[in-house]
Amino acid sequence: MSVAVLPPIPHYNAAPPTKADLDYADLATIDLSKMESAEGRAALASQVRDALLTHGFFYVINHGYSQSQGNRMFDIADVPFSCVGDEEKQLYSDIDREHTGWYQAYKLRQYWHIDAGVRDQLEYINIDRNVHKQGHPEALRPLLPEIEEFARFNHINVLFAVLRLIALSLELPEDALVKIHNCNGLGEAFVRFIKYYPRSAEDEEKTNNVWLKGHTDSGSITILWSQPVAALQILGKDNKWRWVRHVENALVVNAGDAMDFLTGGYYKGTIHRVVQPPPDQQQHTRLGVFYFTMTDGDVKLVPFYESPVLQRVGINPRCEDSVAPTMLEWRRGRANGYGRTELRPSGEKGVEEEIINGMVVRHYN
């Protein structure tokens with residue numbers, strides 16, 4: 001039996017885990033190995049409900065991807081940054097000129113305004129779950145089969161499992177959310193590789209060490225593959241920022257705006273941000289591997305009124321059903337505004353606002 005030989009690529013050397021004494025969020029851990037039985041799923045659904053109501057973030061373990069497979073994906077994630085020149089990146093840099101809400105391929109550095117005249121020092125590349133829907137830099141082309149398989153794994157093995165647990169937590173049919181996440185449209189589900197670069201001391205001072213302002217994600221579920229550089233923080237109900245701890249080969253999962261819409265405010269998107277890492281990691285780059293998901297683009301973002309749970313707790317829609325946006329409309333509004341529109345101060349210290357589809361979206365410093 002022949003063994004497939006993977007294309008050789010450089011190894012990405014991640015920073016060692018920080019030794020800093022940080023105030024970490026106490027996130028729940030969802031063990032997907034317990035999904036096999038109805039009893040196990042019921043217990044996990046209860047855990048997911050509590051996690052979403054408490055922090056809006058949780059870890060996923062025993063998802064079926066090995067540590068070596070994860071390491072390989074981080075090596076692949078660095079290829080579009082370290083093995084592609086600036087000129088070729090420009091060829092695949094679509095800054096959403098047609099306002100589709102989809103950055104096809106690269107978002108290059110210094111495109112977004114962060115604060116006080118400081119622009120971002122991060123670049124990323126989006127790759128649709130159907131890798132054939134877009135062009136790719138030459139260095140990435142031999143790796144597309146692995147990336148496509150990785151997207152399929154995230155979608156079927158992780159996303160669908162999480163959606164089933166959320167549906168059960170709402171006392172809905174187990175496939176209620178799965179059915180609206182076919183994600184066959186461009187940008188409805190995609191892999192994102194992102195690389196943050198160290199900034200100057202002057203930029204850190206001007207931005208109070210904030211690399212990406214506090215925000216919610218626009219989609220339904222975000223899957224982040226845990227990595228060792230501490231920089232991600234979430235805003236607690238006590239209005240305090242806490243760090244997200246690195247857990248080897250775990251996934252960090254959070255709900256976004258779409259889940260807030262669909263549950264009538266029951267499961268809100270948690271505000272999170274990226275800040276300068278602690279001193280022992282400040283000279284290192286931070287490489288991220290994500291899988292972002294939306295509902296299908298034509299899904300109208302209105303609550304699941306048939307949920308017995310939502311009926312009991314009360315449904316608080318973000319807007320009237322008659323003016324509720326579709327997923328595509330909401331995605332366009334969020335993507336076209338971020339880092340490109342002038343934010344206005346709110347009445348709350350450190351909070352700025354913008355209006356999208358007639359609704360207030362807040363950004364936190």
Side-chain angles (χ1 to χ4, degrees), residues 14-32 47-63 65 67 70-71 73-74 77 120 122 124 154 158-159 162 191-196 198 207-257 259-260 267-282 284-293 350 363-365:
T18 182
K19 296 179 180 178
D21 183 17
L22 304 177
D23 184 13
Y24 288 109
D26 184 19
L27 303 184
T29 299
I30 305 302
D31 184 350
L32 290 189
Q47 280 186 271
V48 166
R49 179 199 63 219
D50 292 345
L52 290 176
L53 292 176
T54 305
H55 293 293
F57 274 64
F58 54 86
Y59 296 110
V60 166
I61 61 171
N62 291 326
H63 40 72
Y65 222 61
Q67 181 68 59
N71 292 343
M73 193 50 56
F74 274 92
D120 72 273
L122 66 96
Y124 66 65
N154 277 272
V158 182
L159 172 66
V162 169
V191 174
R192 175 177 291 174
F193 302 140
I194 183 168
K195 194 169 187 178
Y196 290 84
T207 60
N208 294 313
N209 307 113
V210 173
W211 286 10
L212 206 57
K213 289 182 180 180
H215 63 282
T216 57
D217 293 338
S218 60
S220 49
I221 295 293
T222 300
I223 300 165
L224 163 66
W225 289 70
S226 188
Q227 55 76 48
V229 178
L232 176 62
Q233 295 182 333
I234 62 176
L235 187 61
K237 294 186 184 298
D238 58 0
N239 216 34
K240 291 183 179 180
W241 292 102
R242 291 183 174 83
W243 301 77
V244 174
R245 185 191 303 272
H246 169 53
V247 176
E248 199 74 8
N249 201 35
L251 313 180
V252 181
V253 175
N254 67 277
D257 293 344
M259 198 60 66
D260 187 352
Y267 292 147
K268 291 181 169 60
T270 293
I271 298 155
H272 54 286
R273 68 179 184 179
V274 179
V275 299
Q276 184 185 35
D280 59 351
Q281 294 182 323
Q282 286 176 6
H284 295 269
T285 57
R286 179 177 184 263
L287 187 65
V289 175
F290 295 80
Y291 190 67
F292 285 93
T293 69
H363 298 263
Y364 295 72
N365 288 334

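These values consider heavy atoms only, across backbone and side chains, with no hydrogens, waters or symmetry-generated copies.
To the nearest 0.5 Å, atom NZ of residue K213 and atom CG of residue N208 are 10.5 Å apart. In this structure, CG on L232 lies 10.0 Å from CG on L212, to the nearest 0.5 angstrom. Considering CD of Q276 and OG1 of T207, their distance stands at 8.5 Å, rounded to 0.5 Å. With rounding to the nearest 0.5 angstrom, the CG atom of L52 is 11.5 Å from the CD atom of Q47.
At a threshold of 4.5 Å between non-hydrogen side-chain atoms, the residues M259 and I221 count as touching. Taking the side chain as every heavy atom from C-beta outward, W225 and M73 never approach each other to under 4.5 Å. Using a 4.5 Å cut-off on side-chain heavy atoms (C-beta onward), S226 and R245 make no contact. Side-chain contact between W243 and P278: present, with at least one pair of heavy atoms (C-beta onward) separated by less than 4.5 Å. No side-chain heavy atom of Q227 sits less than 4.5 Å from a side-chain heavy atom of V289. You'll find the side chain of Y65 stays beyond 4.5 Å of the side chain of N154, heavy atoms only. You'll find the side chain of Y291 stays beyond 4.5 Å of the side chain of L251, heavy atoms only. Proximity of I30 to V48: side-chain heavy atoms (C-beta onward) are separated by under 4.5 Å at one or more points.
Here the closest non-hydrogen pair linking P198 and T285 is CD-CG2, 4.3 Å. In terms of heavy-atom proximity, R286 sits nearest to V274 at NH1-CG1, 4.1 Å. Considering every non-hydrogen atom in both L22 and A230, the closest pair reads CD1-CB, 3.9 Å. When every heavy atom of A25 is checked against every heavy atom of I234, the shortest pair comes out as CB-CD1, 3.7 Å. Smallest separation of non-hydrogen atoms from L53 and K237: O-CE, 2.9 Å. For the pair V229 and P277, the tightest heavy-atom approach, listed with the atom from each and the gap, is CG1-CG, 3.7 Å.
Judged purely by atom type and a 3.5 angstrom limit, T293 has no side-chain atom pairing as donor or acceptor with the backbone of S220. Looking at Q281, its side chain never comes within 3.5 Å of a backbone N or O of A231 through a donor-acceptor pair. H284 places no side-chain N or O within 3.5 Å of a backbone atom of A14 that could act as its donor or acceptor partner.
Considering only residues two or more places apart in sequence or on other chains, R242 meets the salt bridge (Lys or Arg N to Asp or Glu O under 4.0 Å) condition with D23, D238. Here A51 pairs with A28, F58 under the side chain to side chain contact (heavy atoms under 4.5 Å, CB included) rule; sequence neighbours left out. Residues passing the side chain to side chain contact (heavy atoms under 4.5 Å, CB included) test with N254, sequence neighbours excluded: F57, D217, T222, H272. Listed by chain and number, the residues in a ring-ring contact (aromatic ring centres under 6.0 Å, His included) with Y267 amount to none (sequence neighbours excluded). Taking T29 as the reference, Y59, I61 meet the side chain to side chain contact (heavy atoms under 4.5 Å, CB included) condition, with sequence neighbours excluded. Contacts of K195 classified as salt bridge (Lys or Arg N to Asp or Glu O under 4.0 Å), with partners at least two apart in sequence or in another chain: D78.
Within the cation-pi definition used here (under 6.0 Å to the ring centroid, within 45° of the axis), R192 qualifies as a partner of Y124.
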Q: Carefully, step by step, assess W211 and L122 under the rule side-chain contact (heavy atoms from CB on, under 4.5 Å).
A: CA-CA 9 Å; W211 286 10; L122 66 96; 6.0 Å; no

Q. Please walk me through it: do N249 and H63 pass side-chain contact (heavy atoms from CB on, under 4.5 Å)?
A. CA-CA 9 Å; N249 201 35; H63 40 72; 3.8 Å; yes

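One side chain, E248 or H246, offers a donor N or O that lies under 3.5 Å from an acceptor on the other.
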